[in-house]
Amino acid sequence: MTSIDLRSDTVTAPTPEMREAMNRAEVGDDVYGEDPTINRLQEMAAARLGKEAGLFVPSGTMGNLAAILAHCQRGDEVIVGNKAHTFLYEAGGISALGGVHSCQLPNQPDGTLRLDDINAAIRPDDPHDPISRLVALENTHNRCGGVALTVEYTRQVGELAHEQGLLLHLDGARLFNAAVTLGVPASELAAPADSVTFCLSKGLCAPVGSVICGSRDFIRRVHRIRKMLGGGMRQAGVLAAAGIVALETMVDRLADDHRRARMLAAGLAALPGLVLDPGTPRTNMIFLSLSAEVPLDGETFAERLQSRGVRVGVTDVRRFRLVTHYWIDDDAVTRTVSAFHETLISA
Ligand SMILES: *Cc1c(COP(=O)(O)O)cnc(C)c1O
């Protein structure tokens, strides 16, 4: 039985069309700026997000790190959500490697930071204080259920930040999921931000890579930092070729992942023993918990699901995350609901 892997959309293997494009890719030494496929991907990504320039990086983590280091000097402060990927899951890189201080504000259930909280967190010009330099948002917001931040909200944060002399960075690892669910171009969600990163390697299905986008001057500075971090790759056009296919053919179909997430949620919600988070799924992620009467912990439950061919993410003692993606078809949704059902009735 082939395994249905719902742990993340990062598990997506490249599509046959991507393998084909990777095979054909023209390459050169990208550290010399001579890889035509990478150059093309960077131009496409920047155009798509309405920015002047883009830079290909090996991961979203390096994208956020390099962008934040390009904006901030040592001791500067970034205002960030307490459930942000950058704060929780990037190994503290901005402080360990950049000496960047963070001010963590409570993420609201809808993934936002309250405008009043941001305003209150901006420091006065006082030698006791670090310099407030940057606000960072995340769209879609992973830990807040994959919820999308709206154009209007992002614009308000951008205005607030810019009025006070701060910059705005957008961790758009799943920015295209947000754009598709809101029915707006990604460029509108990116417009208020001075820098944006997005992942090619998640729902867009490419094997490796993210792109940082921003002004030409900003990207020039990021380029040096990428080199410093060891992220200058050589004939990585083989990777960028898959990224081009991702941007050209995999964005609109994210709507299918969102539809299947709703199908899957509806199937699971009908099973006694499972409690879905209110409002889930927002995009391609479902968050749910085992109710008190189920006599298993999350790890054991997940192992039993796996023996039935279904893998899910365990995010807490009795809590799971399921993420739909290109390799999850309608049949996989049906089989997943059956696997949960069988696991529950035999518990
Ligand atoms: C996955 C993710 C990242 C980091 O991407 P990697 O390529 O895994 O390093 C950053 N931000 C968010 C919101 C993510 O979900």
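Start at 1 and go down the list; that is how both ligands and their atoms are numbered.
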Enumerated ligand 1 atoms positioned under 4.0 Å from heavy atoms of [X]:
| X | value |
| --- | --- |
| Cys199 | 5 (O) |
| Glu90 | 10 (C), 11 (N) |
| Gly60 | 4 (C), 5 (O), 6 (P), 7 (O), 9 (O) |
| Ser59 | 7 (O), 9 (O) |
| Asn142 | 15 (O) |
| Thr61 | 4 (C), 5 (O), 6 (P), 9 (O) |

Next on the checklist: Taking Gly146's backbone N and O only, do any of them form a donor-acceptor pair with Thr283's side chain (distance below 3.5 Å, no angle check)?
Outcome noted: yes
Checklist entry - Between the side chain of Thr112 and the main-chain N/O of Gln108, is any donor-acceptor distance below 3.5 Å? => result no
Item to check | Contact list for residues 39-61, test side chain to side chain donor-acceptor pair (under 3.5 Å), sequence neighbours left out | outcome: Arg40-Glu248
Checklist entry - Counting heavy atoms only, which of His141, Lys202, Arg174, Arg143 is nearest atom 8 (O) of ligand 1? => result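 It is Lys202 that holds the nearest heavy atom.
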Next on the checklist: Heavy atom to atom 13 (C) of ligand 1, shortest distance: which of Glu138, Met285, Lys83, Met62 holds it?
Outcome noted: Glu138
Checklist entry - In terms of side-chain geometry, is the basic nitrogen of Arg282 or Asp110 positioned less than 4.0 Å from the acidic oxygen of its partner? => result no
Next on the checklist: Pairing donors with acceptors under 3.5 angstrom, does anything connect the side chains of Asn142 and Arg321?
Outcome noted: yes
Item to check | Side chains of Ser291 and Glu293, donor plus acceptor under 3.5 Å | outcome: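 Yes.
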Item to check | Which segment of Thr10 sits under 4.0 Å of ligand 1 when only heavy atoms are counted | outcome: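 Thr10 to ligand 1: no contact under 4.0 Å from either part.
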Next on the checklist: Is the shortest side-chain heavy-atom distance between Ile286 and Arg262 below 4.5 Å?
Outcome noted: no
Checklist outcome for this item: Applying salt bridge (charged side-chain N to carboxylate O under 4.0 Å, His left out) to Arg216 and not counting sequence neighbours gives none
Checklist entry - For atom 10 (C) of ligand 1, what is the nearest protein heavy atom, given as residue, atom name and distance? => result His85 ND1, 3.2 Å
Checklist entry - In terms of residue, atom name and distance, what is the protein heavy atom nearest to atom 11 (N) of ligand 1? => result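 Closest protein heavy atom to atom 11 (N) of ligand 1: Asp171 OD2, 2.6 Å.
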